[in-house]
2 protein chains.
Amino acid sequence: MQGHDHDHDEIKDKDEVLARYMAQHGLKSTRQRSLIIDTFFAVGGHLSVEELWNKVRAQDAKVSVATVYRTMKLLNECGLAHARNFGDGQTRYEAAAGRDHHDHLICTRCGTIVEFENDRIETLQDAVARKHGFTVTSHKMELYGLCRDCQRGLPVASEA
Amino acid sequence: MQGHDHDHDEIKDKDEVLARYMAQHGLKSTRQRSLIIDTFFAVGGHLSVEELWNKVRAQDAKVSVATVYRTMKLLNECGLAHARNFGDGQTRYEAAAGRDHHDHLICTRCGTIVEFENDRIETLQDAVARKHGFTVTSHKMELYGLCRDCQRGLPVASEA
DNA sequence: TTGACTGCAAATGTTTTGCATGCCG
DNA sequence: CGGCATGCAAAACATTTGCAGTCAA
């Protein structure tokens with residue numbers, strides 16, 4: 001739906017990071033891992049492990065959830081995916097390769113997630129942290145509310 | 001650190017909110033609920049259900065975890081407690097009655113949690129939301145990093 | 001060949017729930 | 001009394017892990 005036809009650099013970058021990480025850690029590139037990782041980056045968005053598993057199983061019915069969990073944990077460790085936690089009980093992952101930091105607007109009615117970034121907020125965050133003697137290494141910020149459509153009571157389109 | 005010795009108004013406010021909510025929902029005031037709620041507000045901080053359960057059991061050994069879960073869910077629903085999720089697998093609750101909104105600085109080494117509020121950040125958040133057509137009803141922001149002591153490598157004092 | 005990877009199922013840890021009993025109102 | 005609340009244990013989830021077989025390097 002969105003025009004992301006120019007992420008070849010990022011994909012290359014991602015592959016490099018991944019290859020380097022796997023080499024350094026003695027990890028192997030397997031059919032399942034490739035499938036999971038490719039699917040994850042191809043789908044985009046904020047996937048729960050189960051959602052990702054479903055996409056993956058559509059292509060290879062024998063991949064187990066455990067492998068998806070293990071693979072996403074790896075991606076997270078090597079910095080290519082970030083684990084997020086938006087209130088429903090599940091951990092969601094989002095692609096991180098070559099992307100700037102960003103935060104989220106979450107519609108509490110239809111579940112839409114919009115990403116944004118705002119340098120002025122980041123600057124203020126740093127200032128606050130400094131005032132309290134903290135050195136900040138990461139942060140997360142989530143704004144919950146109603147998106148434009150839900151404010152007007154439009155029917156919820158459910159998820160894909 | 002913080003001078004919050006004047007929360008008597010807030011406590012009264014809390015009881016009112018609670019009483020009204022319980023009346024409206026046909027809820028009963030029981031020994032267990034009172035004990036759990038009083039303990040929760042007395043201890044303060046960001047308690048996991050298990051931590052709270054331990055405090056409660058010290059006073060009445062027969063209270064079950066289930067009741068603590070049920071009670072905290074109630075407090076959360078009536079707005080007197082907020083559920084938070086700081087990365088470890090557990091949901092933590094913090095008192096919300098009569099308190100201004102605030103965010104958190106979390107030390108990733110010793111676990112210290114510092115609360116802060118910053119109106120300019122809130123203002124910017126609203127602006128961002130508006131730009132994306134959202135009406136924000138709540139938000140959370142967490143800054144992760146090292147607190148002053150941990151930056152200097154001081155020994156971790158563990159939790160209480 | 002070898003050791004990492006996988007699938008499966010069992011194990012974990014957290015939170016929820018069904019049910020019979022208990023207690024507030 | 002009647003119905004919500006409680007305790008207990010089982011159930012429900014999300015996630016992890018032990019193990020034996022499989023596969024990449």
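In what follows, chains are A, B, ... by sequence order, proteins preceding strands, each numbered from 1.
The minimum heavy-atom distance between A:Val136 and A:Ala129, with the atom names listed, is CG2-CB, 3.2 Å. Closest of all the heavy-atom pairs between A:Leu27 and A:Tyr21 is CD1-CE2, 3.8 Å.
Checked against A:Phe40 for a side chain to side chain contact (heavy atoms under 4.5 Å, CB included), the options A:Val56, A:Leu35, A:Thr71, A:Leu52 give a single hit: A:Leu52.
Read 5' to 3', the first and last nucleotides of DNA chain D with an atom closer than 4.0 Å to a heavy atom of chain B are D:dG2 to D:dC8.
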Across nucleotides 9-19 of chain C, 5' to 3', mark each nucleotide with B, S or - according to how protein heavy atoms within less than 4.0 Å reach it. -----SBBBB-

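For the pair A:Leu27 CG and C:dA4 P, the computed distance is 9 Å after rounding to whole Å. The CG atom of A:Leu35 sits 17 Å away from the P atom of C:dC5 (whole-angstrom rounding). Remark: P of C:dT6 and NZ of A:Lys28 are 10 Å apart, rounded to the nearest angstrom. We find that CH2 of A:Trp53 is positioned 11 Å from C1' of C:dC8, with the value rounded to whole Å. Rounded to a whole Å, the CZ atom of B:Arg31 is 14 Å from the C1' atom of C:dT21.
Among the atoms of the strands shown, none is found under 4.0 Å from any heavy atom of A:Ser48.
A:Gln151 and B:Thr135 share a donor-acceptor pair across their side chains, judged by distance under 3.5 Å alone. Judged by distance alone, the side chains of B:Glu94 and B:His46 do bring a donor and an acceptor atom under 3.5 Å apart. With no hydrogens or angles considered, no side-chain donor-acceptor pair links B:His139 and A:Glu142 at under 3.5 Å.
For the atom pair CZ of B:Arg130 and CD of B:Gln125, the computed distance is 12.0 Å after rounding to the nearest 0.5 Å. Rounded to the nearest 0.5 Å, atoms CD1 (B:Ile37) and CE (B:Met72) are 8.0 Å apart. Atom CZ in B:Arg152 sits 9.5 Å away from atom SG in B:Cys147 (nearest 0.5 Å).
Each end of the helix from C:dT1-D:dA25 to C:dG25-D:dC1 gets its own rotation axis from five pairs of C1' atoms, and the angle between them is 30° to the nearest 10 degrees.
Nearest-nucleotide positions on DNA chain D for A:Ser29 and B:Ser64 put B:Ser64 closer to the 5' end.
For C:dA4, the OP1/OP2 oxygens have no side-chain nitrogen or oxygen of A:Thr30 closer than 4.0 Å. Proximity of A:Gln32 to the phosphate of C:dG7: a side-chain N or O atom is located under 4.0 Å from OP1 or OP2.
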Taking it one step at a time, do B:Phe134 and A:Arg148 satisfy side-chain contact (heavy atoms from CB on, under 4.5 Å)? CA-CA 6 Å; B:Phe134 271 65; A:Arg148 207 185 316 259; over 6 Å; no

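Ring to ring, B:Phe86 and B:His104 are close: their centroids are under 6.0 angstrom apart.
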